[in-house]
S.K.: 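Here it is, the structure in full.
Since the structure is predicted, the reported quantities are computational estimates derived from the model, not experimental observations. Only this structure's heavy atoms are used, side chains among them; waters, hydrogens and symmetry mates stay out. Quick note: residue numbers are just sequence positions, from 1.
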Amino acid sequence: MLPRGSRRKRKKASTLRGVFLLAITVVLVISSGIWGDNGVKAKYIVPLDKIPKLTKVGPIGDYGYPVWYKDSNGNRLELCLDGNDPLCGFVAGEFAEGPLSVENGNFHEEAFYQLAGAEIDMPSGGRAVATFALEAAWANEIVQDGDQIVFGRVRFRIDDLMPNQSYIITHPYGVDEIVATVEDEDEPNIGEIRFVEDIGVAGGFEGARTSRIGTFLEWNTTADRPVGYVGNPDVEHKIKNGYHNGTEEQNYFRIQGPGINSTCVSGTTTIQNCIQTDLFSLMGKEATTAGVDVIRATYSQDTAGSGTIDVFASTEEDKQYTIDVKGDGMSATTMRGTAGQYFGRLPFTGDIPTEVTVTNKSDNPLSIKKLKPVDHITGTAKYDTNSDTLYITAASSDKMNALTLTAEGFGDIPASGTLVIKKPVKIPPTITITSSKEGRETLPVNVTADPAMANAGESQTVKQGSVVTLDGSASTNAATFKWELVSGPAVQLNLADPAKPTFTFPKQFVPVSFKLTVTDAKGQTSTNESIVTITPTPDKLAVQPVSFIPSTGTLNVSGTSDVFGPGVTITISKSNQTTPLGTAVVGPDGKWIFSKRGLSFVAGETLTIVSSSGGKLSNVAVTILNR
């Protein structure tokens, strides 16, 4: 039978009780001691870290709780939820009836992976009750999704003790020393211990793994044990799997201290002022399924609409399981993997499937999970202490749709892919990126002290006479910019914007190179050499029909250049001679004229026309006029 009081109908907890429950859990987790209902501190005689712990939490089941917990011996227990199953230990009228549904608010107030208890009738007529449970409950004692909690409980209620005296309590999960307090102000000579330890309430489902319920108890003989259960809660029985103290397993509940007026026998030793029992009421159901969790379902899609969905799932690692995944209108694909980790990829074209279904086909009944695929976000977050700048870079796996990526607490990521925040008001350890397709990724913030690095920008090819903008804005940690002419004709820089100075390219067909040096806010100069070269394009020449008048020996040539003068000259030569015939000057409108007398030409001779700005025309025909 279950310990008296372990299944009593609980009143709805007040806000104060809820706060007390959470507060006591925090104390238990961070303190070296333990606390009772009345605030009396107790001590762990066996340190908490010496007690075996639960080793794994199973996948989340249909009702929002883990399908199972695995103990330090590799045994798995699931929640015993059938109110009509006497081996689940429910008291008549104290369980949810009809189909269980969290959505409809119809679920048990509490349920157990393990519930163990022992009772002792004290010599003076009082009672000692011990409870050891791995319990599933509701954070606010209201059935609603998101409020599911699991915690490990160790509880003692012991009457008829001597107040202000220490008592040693030995049990399957350790040894505790607790001081008894006055039971009733009207009876100051009677003491009691009211102690409860609930660990894991505020730690998510993993929190229960820090509790002392790390090994599941079971009957010490298997012949009479119900198949699929660790025991029968209505039959007191000896147990096994208690804490091993180096000599024996503590498969008993023992109290030692003043006024007990009884003796215990341990081997050949008689212990005075001691009372104990090795009979326990025990409930626990062995896990029959492994379950399945969908860890991630993310899609990628290119600009043509072709895509894939990557699905990651997990289950128990004790054997090979068959896990299938499928999407809307898709055939099922068997996921590959081992040791509890499985992966599958589904190709698709067009609309993104709204849901994927993952099925553990090795389970009976089948374990099924569904999840909406979201885009996968990649990126980095870096804070540079030298420039006091935060850089957040992120990209989505959805290349087809224009998604908005947002760095929570900092704003949207620009089209360039990097959000730059100078002198941020906060530098968190992580930054979460979300997308308008519900993708979500948390990035660690890497802290660096980057040196000043000069970047003089990309090389350019420009038209002579045009205004050129240099670009050193890609330099890192640059507080000041210094540009130096390395080669080419001298130019005058306009430094109104030192990171992006401008100049007019000279009317010469000669490249111009600049070296950039930057200095950071601390005065440290960049050690890298960054040079940019600006190369001019040759001007484009055009020429009118060329004529030669033999009677006067006059050559007439005219044309245009797209690089206007002054400062541009045109040289005219016979194609078969190296000595120029002469030069012309390009005017402000780009036109030029060459005329020279006293020359001679024969039929078939041509001209070569070359500009000082690099343009060239070869084999220009000459028309000889008969006049």
Side-chain angles (χ1 to χ4, degrees), residues 1-4 6-7 52 54-59 61-63 65-92 94-97 100 107-119 129-137 150-155 171-173 208 211-243 249 251-253 277-291 316 318-319 363-365 367:
M1 58 187 167
L2 293 171
R4 253 184 290 256
S6 64
R7 283 287 190 175
L54 296 168
T55 59
K56 191 172 182 181
V57 182
D62 294 336
Y63 307 112
Y65 290 104
V67 174
W68 46 259
Y69 277 84
K70 181 188 285 189
D71 75 355
S72 58
N73 290 328
N75 298 319
R76 292 186 292 129
L77 295 185
E78 63 182 57
L79 282 176
C80 208
L81 298 176
D82 186 354
N84 296 313
D85 182 351
L87 296 177
C88 286
F90 285 100
V91 177
E94 294 194 0
F95 55 88
E97 298 181 0
L100 298 179
F107 203 83
H108 311 304
E109 287 188 15
E110 57 182 358
F112 295 86
Y113 296 89
Q114 172 185 286
L115 178 60
E119 294 191 16
V129 179
T131 304
F132 310 101
L134 184 62
E135 178 173 350
V150 176
F151 56 91
R153 166 169 288 181
V154 174
R155 182 172 68 178
H171 53 88
Y173 294 102
S211 78
R212 289 196 275 183
I213 310 301
T215 302
F216 294 133
L217 306 176
E218 57 185 78
W219 281 6
N220 68 334
T221 56
T222 58
D224 51 352
R225 193 173 73 194
V227 176
Y229 298 82
V230 297
N232 183 336
D234 290 329
V235 177
E236 290 187 325
H237 200 284
K238 292 183 178 182
I239 60 167
K240 63 179 182 178
N241 297 338
Y243 169 71
E249 287 186 354
N251 297 317
Y252 46 82
F253 171 40
T277 182
D278 59 3
L279 297 179
F280 285 75
S281 169
L282 183 60
M283 187 283 293
K285 185 179 181 183
E286 296 172 356
T288 59
T289 60
E316 175 61 303
D318 59 342
K319 66 178 183 180
D363 277 354
N364 185 15
S367 295

S.K.: Apply the test side-chain contact (heavy atoms from CB on, under 4.5 Å) to residues T289 and E316: give CA-CA distance (whole Å), side-chain angles for both, the deciding distance (0.1 Å), then the verdict.
M.R.: CA-CA 9 Å; T289 60; E316 175 61 303; over 6 Å; no

S.K.: Side chains of F90 and C80, heavy atoms from C-beta outward: is any pair under 4.5 Å?
M.R.: no

S.K.: Any Lys/Arg nitrogen of R225 or E286 sitting under 4.0 Å from an Asp/Glu carboxylate oxygen of the other?
M.R.: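 Result for this pair is yes, salt bridge flagged.
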
S.K.: So which atom in V67 and which in G291 form the shortest heavy-atom distance, rounded to 0.1 Å?
M.R.: CG2-CA, 4.3 Å

S.K.: State which residues pass salt bridge (Lys or Arg N to Asp or Glu O under 4.0 Å) with K319; sequence neighbours excluded, sorted by chain then number.
M.R.: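 Result, salt bridge (Lys or Arg N to Asp or Glu O under 4.0 Å) vs K319: none returned.
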
S.K.: Where the side chain of H108 meets the backbone of A96, is there a donor-acceptor pair that is under 3.5 Å apart?
M.R.: yes

S.K.: Can you see which heavy atom on F280 is nearest to which on N251, and at what distance?
M.R.: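 Reported closest heavy-atom pair: CE1-O, 3.7 Å.
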
S.K.: Measuring from atom CG of L77 to atom CG of L217, what distance do you get when rounded to the nearest 0.5 angstrom?
M.R.: 9.5 Å

S.K.: Using modelled atom types only, decide if a donor and an acceptor are shared between the side chain of T221 and the backbone of A223 within a distance under 3.5 Å.
M.R.: no

S.K.: With S72, which residues qualify under side chain to side chain donor-acceptor pair (under 3.5 Å), at least two apart?
M.R.: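 With neighbours one apart ignored, the set is T215.
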
S.K.: Can you find a pair of side-chain heavy atoms, one from D318 and one from R76, that are under 4.5 Å apart?
M.R.: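 Contact flag for D318/R76 side chains = yes.
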
S.K.: Give me the atom names and distance for the closest heavy-atom approach of A290 to W68.
M.R.: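 Smallest heavy-atom distance, with atoms named: O-NE1, 2.9 Å.
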
S.K.: Suppose we screen for salt bridge (Lys or Arg N to Asp or Glu O under 4.0 Å). Which residues come up paired with D278, at least two apart in sequence or across chains?
M.R.: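 If we apply the salt bridge (Lys or Arg N to Asp or Glu O under 4.0 Å) test to D278, skipping adjacent residues, the hits are K238.
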
S.K.: Do N73 side-chain atoms and N75 backbone N/O form a donor-acceptor pair below 3.5 Å?
M.R.: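 Looks like no, no N/O pair under 3.5 Å.
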
S.K.: Mind running side-chain contact (heavy atoms from CB on, under 4.5 Å) on Y113 and I213 for me, showing each step along the way?
M.R.: CA-CA 11 Å; Y113 296 89; I213 310 301; over 6 Å; no

S.K.: Would N220 and H237 count as a side-chain contact (heavy atoms from CB on, under 4.5 Å) here? Give the steps.
M.R.: CA-CA 8 Å; N220 68 334; H237 200 284; 3.1 Å; yes

S.K.: Under a 4.5 Å cut-off applied to non-hydrogen side-chain atoms, are L54 and L134 in contact?
M.R.: yes

S.K.: Heavy-atom distance under 4.5 Å between the side chains of T288 and E78, does that happen here?
M.R.: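 Sidechains of E78 and T288: in contact.
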
S.K.: Which residues pass the side chain to side chain donor-acceptor pair (under 3.5 Å) test with Y63, not counting sequence neighbours?
M.R.: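 Y63: no side chain to side chain donor-acceptor pair (under 3.5 Å) contacts found.
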
S.K.: Output all residues satisfying side-chain contact (heavy atoms from CB on, under 4.5 Å) with N84, sequence neighbours left out; order by chain, then residue number.
M.R.: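 N84 satisfies side-chain contact (heavy atoms from CB on, under 4.5 Å) with D82, F95 once adjacent residues are dropped.
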
S.K.: Taking side chain as C-beta onward, heavy atoms only, is Y229 less than 4.5 Å from L282?
M.R.: no

S.K.: With sequence neighbours left out, write down each residue that passes side chain to side chain donor-acceptor pair (under 3.5 Å) with Q114, or none if nothing qualifies.
M.R.: Y173

